[in-house]
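For reference, the structure is listed below as structure tokens.
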Amino acid sequence: MLSVILPAYNEEKMILRAAKTVGGVLEEAHIVYELVFVDDGSKDRTWEEIVSAAEKDEHITGIHFSRNFGKESAMFAGLANAKGGCCVVMDCDLQHPPETIPEMYRLWEQGYEVVEGVKKSRGKESPLHRASAGLFYRILSKAVKIDMSRASDFKLMDRRAVDALLAMPERNAFFRALSAWVGFRSTSVEFDVRERTEGESKWSTWSLIRYAVTNIVSFSSAPMQFVTFAGIGVFLFGILMAIQTLFRYFSGAAVAGFTTVILLILFIGSIIMISLGIIGYYIAKIYEEVKARPRYLISKKIESRIRDAAMEEKT
Ligand code: UDP
Ligand code: MG
């Protein structure tokens, strides 16, 4: 069975449409499926929509969070509650084309364990957004050592890869990169990002910046190396200044140079503060991980009534 995981936050208008469209595509391709809607603590009627859709459609599983935990948590909750032998994660605003799922499924049948959806085009975006997304992915690609520039959250994963992901204890999990990190036999399919038809994007510029910083930090300790390099730089500069100062002292012109002292204090002071900030950020993340709070809390759940013969046999 194929489980399609659809995280939804304030998507009341999209639930029914997504269920119908995705269901239709999968019926047509003769794929046994379930739809796992994860309501990420929506403030509108999303959960009511999921409940009413689940009453009519036996393929639907619904999970309701006690509050908004973010898309990463929603995807993990979906994966943890999926019963399928393989799972597809996609946005429930249908920006990821459902027609691509059968293609991914066929590749899975051929033995691929991770099928990445790769963006052929990025859809409509402002130039600034495009530029900053470009920078983020360049840094991240370096950190993960895999090209992430066209990566998306749209992907199919085999049960084995899903279980490997779920076994990871980290709180700040970055799904998009972790699915590449786990390895397994993988391939990719291209897709075009569609326009959103209803509602609006949940991302503000500020939340995107936070998303970028959190994920770079969760995958790379390079910013901390900055501290070392800045230290080395300042040290070398310091040697030059020391030579100059000593030279002045011995040539008897030592009083001048107050400007230099002020500049040095400002320069070194700001480097130290930036460095402390970077280290502090990592400590904050360590603190979060050490507390080991759950990634999400489920307050309500509806089970799909669809059964998978292959899975039943195993248990
Ligand atoms: N989403 C979520 N929790 C959040 C924000 C978003 O589950 O806190 C879901 C949202 O409902 C959608 C998907 O994540 O299905 C992608 O969100 P959105 O369309 O706002 O992002 P964009 O397509 O603009 O990157
Ligand atoms: Mg979207």
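In the hydrophobic clustering of this structure, Ile302 does not group with Leu16; members are Ile, Leu, Val, Met, Phe, Trp, Tyr whose side-chain heavy atoms approach within less than 4.5 Å, directly or through other members. Under the 4.5 Å side-chain heavy-atom criterion for ILVMFWY residues, a single connected hydrophobic cluster contains both Val217 and Val227. Hydrophobic cluster membership is shared by Met168 and Met75, with clusters built from Ile, Leu, Val, Met, Phe, Trp and Tyr side chains linked at under 4.5 angstrom.
Scanning all heavy atoms of the two residues, the minimum distance from Ile15 to Ala8 falls at CD1-CB, 3.9 Å. Contact record, Ser152 with Arg176: O-CG, 3.5 Å, taken as the closest heavy-atom pair. Shown here for Pro102 and Ile31, the closest heavy-atom pair between the two residues is CA-CD1, 4.1 Å. In terms of heavy-atom proximity, Cys92 sits nearest to Phe37 at CB-CE2, 4.4 Å. Minimum heavy-atom separation, Gly85 to Asp158: O-OD1, 3.6 Å.
The side-chain contact (heavy atoms from CB on, under 4.5 Å) test with Ile243 singles out one residue from Ile239, Leu246, Thr245, and that residue is Ile239.
Taking CG of Leu276 as the reference point, atom CD1 of Ile271 lies at 11.5 Å (rounded to 0.5 Å). Here the OG atom belonging to Ser188 is positioned 12.5 Å from the CZ atom belonging to Phe154, to the nearest 0.5 angstrom. Here CE of Met104 is found 11.0 Å from CE of Met157. Values are rounded to the nearest 0.5 Å. Distance check: Phe65 CZ to Ile63 CD1 gives 7.0 Å after rounding to the nearest 0.5 Å. Taking CG of Asn81 as the reference point, atom CD1 of Ile5 lies at 9.0 Å (rounded to 0.5 Å). Rounded to the nearest 0.5 Å, atoms CG (Asp44) and CG (Asn10) are 4.5 Å apart.
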For this session: Please assess Thr46 against Glu12 for the test side chain to side chain donor-acceptor pair (under 3.5 Å), listing each intermediate value before the final yes or no.
Result: CA-CA 4 Å; Thr46 302; Glu12 52 182 6; 5.8 Å; no

Problem set entry | Full working for side chain to side chain contact (heavy atoms under 4.5 Å, CB included) between Val38 and His64 | CA-CA 6 Å; Val38 186; His64 180 66; over 6 Å; no

For this session: Apply side chain to side chain contact (heavy atoms under 4.5 Å, CB included) to Ile60 and Glu34, showing your working.
Result: CA-CA 6 Å; Ile60 294 180; Glu34 67 166 346; over 6 Å; no

For this session: Just do the salt bridge (charged side-chain N to carboxylate O under 4.0 Å, His left out) check on Glu103 and Arg106 with the steps written out, would you?
Result: CA-CA 5 Å; Glu103 199 182 327; Arg106 301 296 167 227; over 6 Å; no

Exercise. Leu35 and Thr61: side chain to side chain contact (heavy atoms under 4.5 Å, CB included), yes or no, with the steps?
Worked result: CA-CA 6 Å; Leu35 302 175; Thr61 289; over 6 Å; no

Problem set entry | Val114/Leu156 under side chain to side chain contact (heavy atoms under 4.5 Å, CB included): CA gap, chis, key distance, verdict | CA-CA 6 Å; Val114 177; Leu156 178 146; over 6 Å; no

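Under a 3.5 Å cut-off, the side chain of Asn68 and the backbone N or O of Asp40 do form a donor-acceptor pair. In this structure, the side chain of Glu190 does not engage the main chain of Gly117 through any donor-acceptor pair within 3.5 Å. Using a distance-only test at 3.5 Å, with no hydrogens or angles considered, a donor-acceptor pair links the side chain of Ser73 to the main chain of Arg295. A donor-acceptor pair under 3.5 Å is absent between the side-chain atoms of Ser42 and the main chain of Asp39, judged by distance alone. Without hydrogens or angle criteria, Ser3 side chain to Gly84 main chain gives a donor-acceptor distance under 3.5 Å. A distance-only check finds no donor-acceptor pair linking the side chain of Asp91 to the backbone of Leu94 [under 3.5 Å]. Distance alone, capped at 3.5 Å, is enough to place a donor-acceptor pair between the Asn215 side chain and the Tyr211 backbone. Side-chain N or O atoms of Arg171 include one that pairs as donor or acceptor with a backbone N or O of Arg293 at under 3.5 Å. Checking side-chain atoms of Glu113 against main-chain N and O of Ser186 turns up no donor-acceptor pair under 3.5 Å.
For Arg160, the CZ atom is loosely surrounded, since the number of other residues' heavy atoms within 6.0 Å does not exceed 12. Phe184 CZ: more than 12 foreign heavy atoms inside a 6.0 Å radius. Within a 6.0 Å sphere centred on CD of Glu28, heavy atoms belonging to other residues, nucleotides or ligands number 12 at most.
Residues Tyr33 and Ile101 form no side-chain contact, since every pair of their non-hydrogen atoms from C-beta on lies 4.5 Å or further apart.
The cationic atom of Arg67 (NZ for Lys, CZ for Arg) lies less than 6.0 Å from the six-membered ring centre of Phe69 and within 45° of the ring axis. Relative to the six-membered ring of Tyr287, Lys291 meets both conditions, a distance below 6.0 Å and an angle of at most 45° to the axis.
Using a 4.0 Å cut-off between charged side-chain N and carboxylate O, Glu116 and Lys155 make a salt bridge. A salt bridge links Asp153 to Lys71: one of the charged nitrogens lies within less than 4.0 Å of a carboxylate oxygen. A salt bridge links Glu288 with Lys285: the distance from a Lys NZ or Arg NE/NH1/NH2 to an Asp or Glu carboxylate oxygen falls below 4.0 Å.
Between Phe76 and Tyr296, the ring center distance fails the sub-6.0 Å criterion.
By the salt bridge (charged side-chain N to carboxylate O under 4.0 Å, His left out) test, Lys301 pairs with Glu303, sequence neighbours left out.
Applying the side-chain hydrogen bond (donor to acceptor under 3.5 Å, both in side chains) rule to pairs touching residues 273-282 yields nothing, sequence neighbours excluded.
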